[in-house]
4 protein chains.
Amino acid sequence: MDKELEDKATGPKPRHVPSERPGPVGGKRDQNRRRRTRELCEAGLALFLEHGTESVTIDQIVEQAGIAKGSFYRYFKDKEELVETLFAPLQEALEDNFNTCAQAVKEASELPGLLFAYQEFAIRLNDIFFENRQLILLYLQENRAPAHGARKAIGALAVSITKGANALTNAAEVHGLLRPFDPRVSTLAVIGALERILFGFLRDEDVGEFELLAPSLISLIFDGLRFGDQDAHST
Amino acid sequence: MDKELEDKATGPKPRHVPSERPGPVGGKRDQNRRRRTRELCEAGLALFLEHGTESVTIDQIVEQAGIAKGSFYRYFKDKEELVETLFAPLQEALEDNFNTCAQAVKEASELPGLLFAYQEFAIRLNDIFFENRQLILLYLQENRAPAHGARKAIGALAVSITKGANALTNAAEVHGLLRPFDPRVSTLAVIGALERILFGFLRDEDVGEFELLAPSLISLIFDGLRFGDQDAHST
Amino acid sequence: MDKELEDKATGPKPRHVPSERPGPVGGKRDQNRRRRTRELCEAGLALFLEHGTESVTIDQIVEQAGIAKGSFYRYFKDKEELVETLFAPLQEALEDNFNTCAQAVKEASELPGLLFAYQEFAIRLNDIFFENRQLILLYLQENRAPAHGARKAIGALAVSITKGANALTNAAEVHGLLRPFDPRVSTLAVIGALERILFGFLRDEDVGEFELLAPSLISLIFDGLRFGDQDAHST
Amino acid sequence: MDKELEDKATGPKPRHVPSERPGPVGGKRDQNRRRRTRELCEAGLALFLEHGTESVTIDQIVEQAGIAKGSFYRYFKDKEELVETLFAPLQEALEDNFNTCAQAVKEASELPGLLFAYQEFAIRLNDIFFENRQLILLYLQENRAPAHGARKAIGALAVSITKGANALTNAAEVHGLLRPFDPRVSTLAVIGALERILFGFLRDEDVGEFELLAPSLISLIFDGLRFGDQDAHST
DNA sequence: CATGAATGAGCGTTCATTCAT
DNA sequence: TATGAATGAACGCTCATTCAT
C-alpha cells in the first residue's frame, strides 16, 4: 500500500495552507510535508477500510500515523478533505480513461477500431485497478451509502463512474453492438457484476484464480450483451 | 412502509427482556409493546436510509418515533439489536427461499423440473422484494461496509445471501446448466448485476420501465450464462 | 447572591427543552430543575464577575455548580444563552421602570407631578439596584466591550438603557427643565457618572458612606460641582 | 492610526529580548525590528478594538500584521506584553500630566494660578486624547473588566487614572474650590461622565458637534444640569 | 533571524447509557 | 413502566507555545 499512495498524496494540495512555503521544493521541509501527508493518507485509508469512513476518528488516524492531533488540521480541514484527497487521483484517472475511450469509439468507423478502443480501455482499467486496490476496495465498500459528510467524495466518484459507463454504453449502442436491451439496464448490470467480482477479489473471497477472472467476466458480458451468434468472439 | 414493518417487528423478540410479560398476549400491554417496537423500527429504518446506520443516534430514533429515550432501552439493548430485529424476518425469508429452491433443484431430475424450481424461486424472490423494499435498499446501501457494530446483521445477511446463491449455482452446475465458467464467478456476477439494478430502481435512478426490468435481467443472465444457442428460452 | 437569583432563574425557560415535562409543577423534578438552573446561574455569575464572560469556560461553570458537563447543555444552549437568562429579568425591570416614568412624565402638566415621577423612578431604580447588585456589576464591567458572543445580552441591555435614558431626558427637556445643553450629552454625562459611582461602590472602592451617595449624586447632577450660591436646591 | 503608533511602538522594549542587538541603532536591523514591532502593535490594536483583547488570538495578530507566527514571540513574550507595550506611552503621558498639574496646583496660591494649572492640564489632556484615540477607545472598552491576563496593563492604567484624578480633586478641595461633597464621589462622577462622553464620541454615537463637547462638559461639571441663574461662569 | 510546522492541553459539544422520579 | 434528567467519556477542533529548518 505504501507504494500505492506515494504519488497520490502529493497530488491535490490542501487549499487552506499558504501555497508559498519556506524552503526549496524537494528540500527538507518539502520532504517532511510530503511524508506527513502520505502517512496521514495511509493511516486514514487503512482505518477507513477496517472500520468505515464514518466510524474512524481523527484521534485514530493521528495515532496510526504517529503524529500529534493538531497536525492533522495543518494538512486537512477535516476528514472529508482527507477522503477527497485520497480519491481525487483515482477519479481523475477513471474520467480520463472514460473520456479517451468515448472519443476513440466516436471516431471509430469499423468494428476492429471499436474493439481496439474497448481493449485499450480495459487494459488501462486493469492498470488503474492494480494501482489503486485499497482505494477501490474502499470505494466498493461505501459507494452506495448516503453521500454525506466524509463520504461526499465517494458519492462523486460513483456518479462519475455511472456517467462514464453510460456514455460508453450509448456509444456502443450507436454502433449497433448491443442486443436490444435498455442500455441503462445493461450498463448497471455490467457495473454491478464487475464491482461485485472485484469486491470479492479484493476482500479475498474465494473467486478462483485471478488470471481467469478477466476473460470470464468479458465473456460473460459479451455473450450476454453481444448481438448475434456467440461463437466468434475472442477475448 | 407502515405495512412493510407490521409483522416483522413482532418477529424475533429482544432477548434481554424477560420473555414473560405481565398481561395476556394480545392484551393492552402486549399491544402497546408491539406498537412501540414497530414505531422504533420504522423510525430507525427511515433514518438509517437517510443518514446511514452508523450516523443515526438513539436520540434521533426516539424523537422520530415519539418515544422517550429511556424507553428505547427497554425494547432494544442498543442500535445493533434494533438492526438485527429489522433484518431478522428478511433473512429468514430469503434463507427459506434459498433452501426450498436448493432442495427442489437437488430433487429435480429433468430440465422442466429445474426450470420450475427456479421460476418458483424467482416469484417468491419478487414477492420478498416488494414486501421489503426499504429494508432491501438499506441492505444494498450498507452490505459491503465493515460489518462491525450496528452493521453486524447486515453483514450476516450478505453472507447468507452469498451462501444461498452459491448453493444454487452449484446445483445448477451439477445439472450441467452452465457454461464452463467458474461458478463462484458467475454467482458473484449475477448477484452484483441484480443488486445494482435493484438499487438503481429503489433509488429512483432512471432504469426504464419496471415491467421490462425482470425479463431484461433474466435474458441478460441466461444469454450470458446459459450453455448453447439462445433462441429457445422465453420467460 | 443566593437570594438575588432565586426568582430570576425560574424566569425565561430555555427554549430548546420540551415545555411539557413529566411530573407536576412543584414536584420533585420541577424542584430539581429549578435548583440546577439556579446553581448554574449562580456559578456562571460568580465566575463571570471574577474572570470576565469570555474567559470563563463551561468546565469551570459546571465544576463550580457541581454538576456534570453534559448537564449544562440540558439547561442552556451555550454560554450566550446563560448570560441572556441572567440578564433578562433585569432588562425587563429596567425597561418597565423607564416606560412607567416616561409615561408619567408625559402625562404630568405641573412641576410637582414631574418631580414625583422622577422620584418614583429613582426609588424603583434603587430597589432594582439592590436586588441585582452582582448582575449590575457584571453589566458595568462588560457593557462597553464588543457585544459579540456571550456578551450579546449585555450589549442589548446597554442599548436599552441608553434609549430609556434618552427618552427621559427628552421628556425633561420638553418640560423646559434643563439648561440649554445638548440633551444627548447630558444624558451620557449622567449615565457615565452614575455608572462609575455604582461601579466604585460595588467594587468596594472607597466611595464614602452609602447613604450619602444618592443625595450627593442627585445634587451633583442638579447643581453641578462649582462652588457658588446654590443653596436653593433641595432634593 | 498609523501615525498614532509610530512612536509608541519604539517606547518600552520587551524585556526578555537581549537589549543589546547586533547592528547599530537606526541601522537596517534596528529599522526592521521597529517596523515589525509597530506592525504587530497596529494589528493587535485594531483586532482588540473589534473583538476584545481576550478573544483575539496570536494567529489573528500575525496574519493581520503579515508576519510569521514564530516571529511574534521574538518581539513579545505573549499577548499581555503586547498590550503593555501598547499602553505604556499613554500611561506615562497621563501620569506626567497629572503630576505636572498636581505640582502646579500645590504651588499655586491664588485663584488665577489654579485655573491656569487646570487649563494647562485640560489642553494637554486634549492633545493626548487626539494622539491616542484608538488606544483610549480600547481602554474605555475594557477598563472595568477583571484585570487578569492580557488586561493587566489596562487595569493598571485605570488605577493610575483614578489616583491622579483623586490627587487633583484633593488639591482642589484643599484650595476650597469645591462644594462640600465627598471628593471621592465627585471625582468618580467627573471621570465617569467624561469617559462615557468620550466613549460615545469615539464610537461614533450621536453626541452632537465635537467643538461643543468640551465646553458643554465643563459647564455641566461646574454648574450642573439644573436650570437656573448661573450665567456668571464662563470658561 | 524569519519561518511555519509540530505539539498537546484544552475547549465546546454530543451521545450512549444509567437512573431517579 | 414511561419518562427525560444526569453522567462522563469521547469527539472535532483551536491555540499558545516550542522548535527544526
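Values in this document were obtained by computation on a predicted structure and should not be read as measured data. Just so we're on the same page: letters track the sequence lines, and every chain starts at 1.
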Original post:
Taking for each residue the nucleotide of DNA chain F bearing the nearest heavy atom, is the 5' side occupied by G66(C) or by K69(B)?
Top reply: K69(B)
**OP:** May I ask you to say whether E54(B) pairs ionically with R151(B), meaning some side-chain N is under 4.0 Å from a carboxylate O?
**Re:** yes
Original post:
Closest to the R29(A) side chain: dT3(E), dT17(E), dC13(F)?
Top reply: dT3(E)
**OP:** Carefully, step by step, assess K152(B) and V83(B) under the rule side chain to side chain contact (heavy atoms under 4.5 Å, CB included).
**Re:** CA-CA 8 Å; K152(B) 240 173 237 170; V83(B) 178; over 6 Å; no
Original post:
For K79(C) and dG12(E), what is the distance between atoms NZ and P respectively, to the nearest whole Å?
Top reply: 6 Å
Original post:
Between E63(C) (CD) and dC11(E) (P), how many Å, whole number?
Top reply: 11 Å
**OP:** Give the nucleotide from the list dA16(E), dA6(F), dT21(E) with an atom nearest to the side chain of K28(C).
**Re:** dT21(E)
Original post:
Once you round it to whole Å, what is the distance between C1' of dT14(F) and CZ of F76(A)?
Top reply: 19 Å
Original post:
Which whole-number value in Å describes the distance from F72(C) CZ to dC15(E) C1'?
Top reply: 17 Å
Original post:
So what does S71(C) touch, heavy atoms closer than 4.0 Å: a base, only the sugar-phosphate, or nothing?
Top reply: base
Subject >> Minimal non-hydrogen separation, A150(D) against K79(D), with atom names >> reply: CB-CE, 4.0 Å
**OP:** Please answer whether the main-chain N or O of K77(A) pairs with a side-chain N or O of E81(A) as donor and acceptor at a distance below 3.5 Å.
**Re:** yes
Original post:
Partner of dC19(E) by Watson-Crick or G-U wobble geometry, both contacts under 3.5 Å, or none?
Top reply: dG4(F)
Subject >> Distance test, side-chain N/O of R74(D) to OP1/OP2 of dC1(E), below 4.0 Å >> reply: no
Subject >> Closest-nucleotide 5' rank along DNA chain E - winner of T57(C) and G70(B) >> reply: T57(C)
Original post:
Quick one: R35(B) CZ to dT1(F) P, roughly how many Å, whole number?
Top reply: 15 Å
**OP:** Take atom CG of D78(B) and atom P of dT18(E), then tell me their distance rounded to the nearest Å.
**Re:** 10 Å
Original post:
Whole Å only: how far is the CG atom of L40(B) from the C1' atom of dA2(F)?
Top reply: 13 Å
Subject >> Nucleotide nearest N32(A) (side chain, heavy atoms from C-beta), chosen from dT21(F), dC1(E), dA6(F) >> reply: dT21(F)
Subject >> Rounded distance (Å) that lies between atom P of dG4(E) and atom CD1 of I58(D) >> reply: 16 Å
Original post:
Going through the checks in order, is the side-chain hydrogen bond (donor to acceptor under 3.5 Å, both in side chains) test met by R35(B) and N32(B)?
Top reply: CA-CA 5 Å; R35(B) 182 171 45 78; N32(B) 281 341; 2.8 Å; yes
Original post:
Nearest to the side chain of Y73(D), which nucleotide is it out of dT18(F), dA5(E), dC13(F)?
Top reply: dT18(F)
**OP:** Return the 5'-most residue of the pair D59(A), A68(B) with respect to DNA chain F, ranking by each residue's nearest nucleotide.
**Re:** A68(B)
Subject >> Presence of R36(A) side-chain N/O under 4.0 Å of dA5(E) phosphate oxygens OP1/OP2 >> reply: no
